[in-house]
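The structure appears below as structure tokens.
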Amino acid sequence: MNTSKTADAARIEQLRRELAHHNHRYYVLDSPEISDAEYDRLIRELQELEARHPDLVTVDSPTQRVGGAPAEKFEKVIHRAPMLSLANAFGDEELSDFDERIRRQTGLAQVAYVCEPKLDGLAITLLYEQGRFVRGATRGDGTEGEDVSSNLRTIRSLPMELLPQNGVKAPGSLEVRGEVFISKKDFKKLNDAREQEGEPLFANPRNAAAGSLRQLDPRITASRPLSVYLYECVPGEGVPAFRTHAEKLEYLKSLGLPVNRYVHVPSVEGVREQYRASVEGRHALPFEVDGMVVKVDEEDLRQRLGQISKSPRWAVAYKFPPEEEATLVEDIQVY
Ligand SMILES: NC(=O)c1c(N)nc(OC2CCCC2)nc1O[C@@H]1CCC[C@@H]1O
């Protein structure tokens with residue numbers, strides 16, 4: 001390469017690192033360090049340099065978040081480890097059964113759990129190799145899903161490169177699982193815009209997220225306000241063995257991945273308290289949830305408990321009571 005190309009290539013690399021850092025600050029930590037105008041200036045500089053050297057453009061460049069050419073169809077992906085579903089618990093009785101069975105099988109007097117909001121979205125799995133995003137897929141039937149990598153690349157809060165924080169080293173190969181969803185606020189904005197355009201409305205955020213992620217044209221996906229939270233990872237090369245689920249979530253966070261809030265409780269009584277608080281607080285959450293996922297916190301207990309058919313013995317979806325159809329109260333016109 002001649003000197004100006006070498007210099008440009010170095011500047012391109014530096015801009016990509018800077019923009020990935022600012023992406024993380026803005027979309028994952030919700031605490032930007034620079035103004036939008038400054039961010040746009042950096043993106044524009046990168047776009048100009050890439051226009052000068054098209055051979056240096058990579059699919060995971062911050063400039064490619066707008067989506068590439070449409071695909072003919074979705075390639076199939078066989079999951080390395082099955083993507084499990086969740087058995088449901090509809091009331092305190094079933095929660096007690098869940099806890100009692102675990103205590104009986106482990107011989108423990110009490111079991112610690114982690115409670116996570118059960119996001120009402122679409123389950124996905126992501127593969128990072130040498131710290132770079134290489135492929136993402138839908139859950140499908142748990143064994144085989146659809147490759148939606150190009151669409152996942154358009155989700156700004158999803159890092160195209162892991163950003164190891166505080167001394168953590170990125171693993172050679174990392175497979176993480178999570179949920180793609182649309183927040184309530186973004187859903188309303190999306191449907192309002194569609195109403196303006198005379199387009200059919202989405203019935204609910206889950207359908208909107210699923211329909212947006214399973215688009216053959218990534219540019220359409222890029223125009224949709226998708227969010228993602230990750231909540232599991234599959235053992236892999238260079239991935240530490242975690243003692244607890246909470247440690248695992250902190251590890252994912254330390255790699256720059258978006259992770260939702262969670263609550264660690266020392267026993268099933270704590271689950272009950274968290275459940276009551278969550279039913280109350282459900283409407284205050286920025287995203288739709290249909291319950292709480294209750295998971296055994298200790299990893300070795302999970303191994304000992306294993307799974308029954310497609311769902312683990314160590315987790316349950318503790319569902320909220322169905323909401324009575326909120327009667328739409330038209331704005332009362334005050335004359
Ligand atoms: N929807 C969720 O917020 C959620 C969650 N927070 N945590 C898990 O953990 C998995 C791990 C193994 C069994 C369930 N699953 C979730 O959703 C599941 C995925 C597939 C079907 C449900 O949507």
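When a residue number appears, it is its place in the shown sequence, counting from 1. We count ligands from 1, going down the list as the structure has it; atoms in each ligand are counted the same way.
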Verdict with supporting geometry, E299 and K248, salt bridge (Lys or Arg N to Asp or Glu O under 4.0 Å): CA-CA 9 Å; E299 283 296 323; K248 184 191 297 176; 3.1 Å; yes
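- From the protein, the heavy atom lying nearest to atom 23 (O) of ligand 1 is E179 OE2, 3.5 Å.
- Within the listing of ligand 1, atoms 20 (C) sit less than 4.0 angstrom from a heavy atom of R139.
- Shortest contact from atom 8 (C) of ligand 1 to any protein heavy atom: Y231 CE1, 3.3 Å.
- In summary, the atoms of ligand 1 found under 4.0 Å from a heavy atom of K295, numbered by their order in the structure, are 7 (N), 8 (C), 9 (O).
- For atom 14 (C) of ligand 1, the nearest non-hydrogen atom from the set V316, I124, L86 belongs to L86.
- Atom numbering of ligand 1 starts at 1 in the shown order; those under 4.0 Å from a heavy atom of W314 are 12 (C).
- With hydrogens and angles disregarded, a donor-acceptor distance shorter than 3.5 Å links the side chain of R25 to the backbone of S31.
- Comparing heavy-atom distances from atom 1 (N) of ligand 1 across D290, L84, L119 singles out L119 as nearest.
- Side chain of H264 to main chain of A112: no donor-acceptor pair is present (N/O by atom type, distance under 3.5 Å, no hydrogens or angles).
- Contacts between K118 and ligand 1, counted as non-hydrogen atom pairs separated by less than 4.0 Å, involve both the backbone and the side chain.
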Between E116 and K295, does the salt bridge (Lys or Arg N to Asp or Glu O under 4.0 Å) criterion hold? Intermediate values first, please. CA-CA 8 Å; E116 302 170 3; K295 299 175 179 177; 3.0 Å; yes
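- Atoms of ligand 1 found under 4.0 Å from any heavy atom of S85, numbered from 1 in the order shown, are 13 (C).
- Within ligand 1, the atoms closer than 4.0 Å to a non-hydrogen atom of P117 are 3 (O), 6 (N), numbered from 1 in the order shown.
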Apply side-chain hydrogen bond (donor to acceptor under 3.5 Å, both in side chains) to E38 and H22, showing your working. CA-CA 10 Å; E38 176 54 15; H22 291 304; over 6 Å; no
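- A centroid separation of 6.0 Å or more is found between the aromatic rings of Y26 and Y39.
- No side-chain donor-acceptor contact under 3.5 Å links S61 to the backbone of V57.
- Ring planes of Y128 and F133: perpendicular class, angle over 60° (limits at 30 and 60°).
- Shortest contact from atom 6 (N) of ligand 1 to any protein heavy atom: E116 OE1, 2.8 Å.
- The protein atom (non-hydrogen) at minimum distance from atom 11 (C) of ligand 1 is E232 CG, 3.5 Å.
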